[in-house]
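Excluded from the calculations below are hydrogen atoms, water molecules and symmetry mates; all remaining heavy atoms, backbone and side chain alike, are included. Indexing begins at 1, ligand by ligand and atom by atom, following the structure's order.
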Amino acid sequence: MKINIINTANKFKGLVLIPFVEVEGTINFPKGLSKIEVSQNIFSGKKDTQFIIEDKTEEKIYILLGLGKTPEYHTVKTAFRRLTAKQETLFSEQMLLVFSDGIDADLLEAAVSGLWLGTYRLGHFKNQGTAPKNWDITTLSILSTQINAREIAEKGLKIANAQLQTFKLVDLPPNKVTPEYLANWAKKTGKQFGISVKSFDRKKSEKEGLKAFLAVAQGSQREPQFIIMKYRNKEASKHIGLVGKGVTFDTGGLNIKTAGMVHMKCDMGGAACVLGAMQLIADLQLPVNVTAVVPCVENAVDNLSFLPSDIIGSYSGKTIEIIDTDAEGRLILADGLSYIIKNHQPDTVIDFATLTGSAVGTFGYECAALFSNDTALSQKLQESGMAINEKVWPLPIWDAYKSEMDSEIADIKNFHGKPFAGAITAAKFLEAFTENHPSWAHIDIAGTAFGDSEFAKAKHATAFGVHLLIKLLENL
Ligand code: BES
Ligand code: MG
Ligand code: ZN
């Protein structure tokens, strides 16, 4: 989608999108467009309302969009996403967005982002039906007096671009999105956006001593990939480390899942979030240094799979007793966390993982579970999330929970075997591999990475965390 900033709509023909903040009385149709009066009984800008009219002589179709009295970023984004997602046939190659002075500049970003996000379709493998529309050739003209309208709109597009990539990585099936697929994606994207990328295969991971990571990988024919990405910026004063859980499919291993296995292609949601965020950080040229570690494996059932009661090693040197092979995410994250902290010394480390059903049990699909030993970081994450509706909410990591993970035979066990505090005890397990880093946050996105929405009948990716991370980095 091309962006084109204009200052008059006289010659424009085609679809005109006009967002309205709700008013008492009749809305004012912007000057320079068709002289149309819309009665307040029909449309007054109420949230989630729409009104469509055609002016045949001017060859314009107007969609009036109601944003409500105090429009929020995410409601505006969703309102615009709905248009391209559900009213595709109204769109041709040209569209015009009329953004009046009264509306906050931030919401222009949300509108453009939403329009572009709405072009996503789940039918990646469909042969039948109509061919997908080519949105790449569309031009979005924007009529706005905002001085930096182009910059704002371009940023909206970049955010949506990264989120679309994340959607795809999660929604594509696990026989396509293998660990190697993710490593190739990272390398290709790295070249395109200026991020240096390397990836360790099984053999190299053995040499490096990534033993906990390899224990999960050993039951799968698919070559594991331990991806390392580096983005550097000359103006940076901070170095952020990111870690994302990349289990491309979680069968549970020999403790095989008896419920919900069909959704477990989403278990690389943390990886997809970190990969998408890396693209966006580089695309926006944010003034920070960022290193990302993305351990990618498949948790498969095989005669070579690791066993419940196995004792495995780890990159940190700690030994781990395996109580349950379905608690695999924490094992690959353990190596990811100690590897990034020992080798790259980031000022702050944040991991994203679809880690526990318990996080879903606690918060449902409304927010992610946040664990952190850094109060300032925790607060900034919460604020950033609130601004764009990618909410995170803290749970405690008190040491009272620590002994739950004590093992009689090894340094630590991977599951306490009890039906309570699952998300917290998982966080306590991870903490043991953070080398006492003073600024660490763990975000359990099991309930927010993948789910239902008005945009598809099947569960699908949300790209949760991509925008949240950018918001955070802009606020640090
Ligand atoms: N990948 C799952 C967690 C998950 C659950 C992700 C729901 C997305 C939606 C994780 O690996 C897992 O299996 N966790 C177990 C841990 C338990 C065996 C200690 C869980 O939460 O039940
Ligand atoms: Mg599991
Ligand atoms: Zn898992």
S.K.: Please report whether ligand 1 has a polar contact with T356, defined as an N or O pair separated by less than 3.5 Å (distance criterion only).
M.R.: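 The answer is no, given that T356 and ligand 1 share no N or O pair closer than 3.5 Å.
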
S.K.: Under 4.0 Å, heavy atoms only, figure out whether ligand 1 is touched by the backbone of N414, its side chain, both or neither.
M.R.: neither

S.K.: Would you say the side-chain atoms of N299 and T251 include a donor-acceptor pair closer than 3.5 Å?
M.R.: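 No pair is found: no donor N or O on one side chain lies under 3.5 Å from an acceptor on the other.
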
S.K.: Between E328 and the Zn ion (ligand 3), is there a contact where an N/O/S atom of the residue lies under 2.8 Å from the metal?
M.R.: yes

S.K.: Taking the N/O/S atoms of D250 one by one, which is nearest to the Zn ion (ligand 3)?
M.R.: OD2

S.K.: Mind checking whether the Zn ion (ligand 3) has an N, O or S of V247 under 2.8 Å?
M.R.: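 False for V247.
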
S.K.: Does a sphere of radius 6.0 Å around CD in E454 hold more than 12 heavy atoms from other residues, nucleotides or ligands, not counting ones at 6.0 Å or beyond?
M.R.: yes

S.K.: Give the single entry among I332, D326, T325, V216 that approaches atom 15 (C) of ligand 1 most closely by any heavy atom.
M.R.: D326

S.K.: Any nitrogen or oxygen of K245, side chain or backbone, less than 3.5 Å from one on ligand 1?
M.R.: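 Yes - when backbone and side-chain N and O of K245 are compared with those of ligand 1, one distance drops under 3.5 Å.
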
S.K.: Among the N, O or S atoms that E328 has, which is closest to the Mg ion (ligand 2)?
M.R.: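 The E328 atom nearest to the Mg ion (ligand 2), restricting to N, O or S, is OE1.
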
S.K.: Out of E328, R330, M261, whose heavy atom sits nearest atom 11 (O) of ligand 1?
M.R.: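 Nearest heavy atom to atom 11 (O) of ligand 1 lies in E328.
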
S.K.: Minimum distance, heavy atoms only, to atom 21 (O) of ligand 1: which one of G252, A426, G357 is it?
M.R.: G357

S.K.: Would you mind telling me if ligand 1 is within reach of the side chain of H263, the backbone, both or neither, using heavy atoms under 4.0 Å?
M.R.: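 Contact part for H263 vs ligand 1: neither.
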
S.K.: Touching ligand 1 at all, K257? Heavy atoms, strictly under 4.0 Å?
M.R.: yes

S.K.: Could you check whether atom NZ of K69 has more than 12 heavy atoms from other residues, nucleotides or ligands sitting under 6.0 Å from it?
M.R.: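 Result for NZ/K69: open.
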
S.K.: Which residue owns the protein heavy atom closest to atom 19 (C) of ligand 1, what's the atom, and how far is it?
M.R.: F415 CD1, 3.2 Å

S.K.: Would one find an N or O of D324, backbone or side chain, under 3.5 Å from an N or O of ligand 1?
M.R.: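 Between D324 and ligand 1, no N or O pair is found under 3.5 Å apart.
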
S.K.: Hey, do the aromatic rings of F371 and W440 have their centres closer than 6.0 Å?
M.R.: no

S.K.: What about the rings of F213 and Y315, do their centers lie closer together than 6.0 Å?
M.R.: no

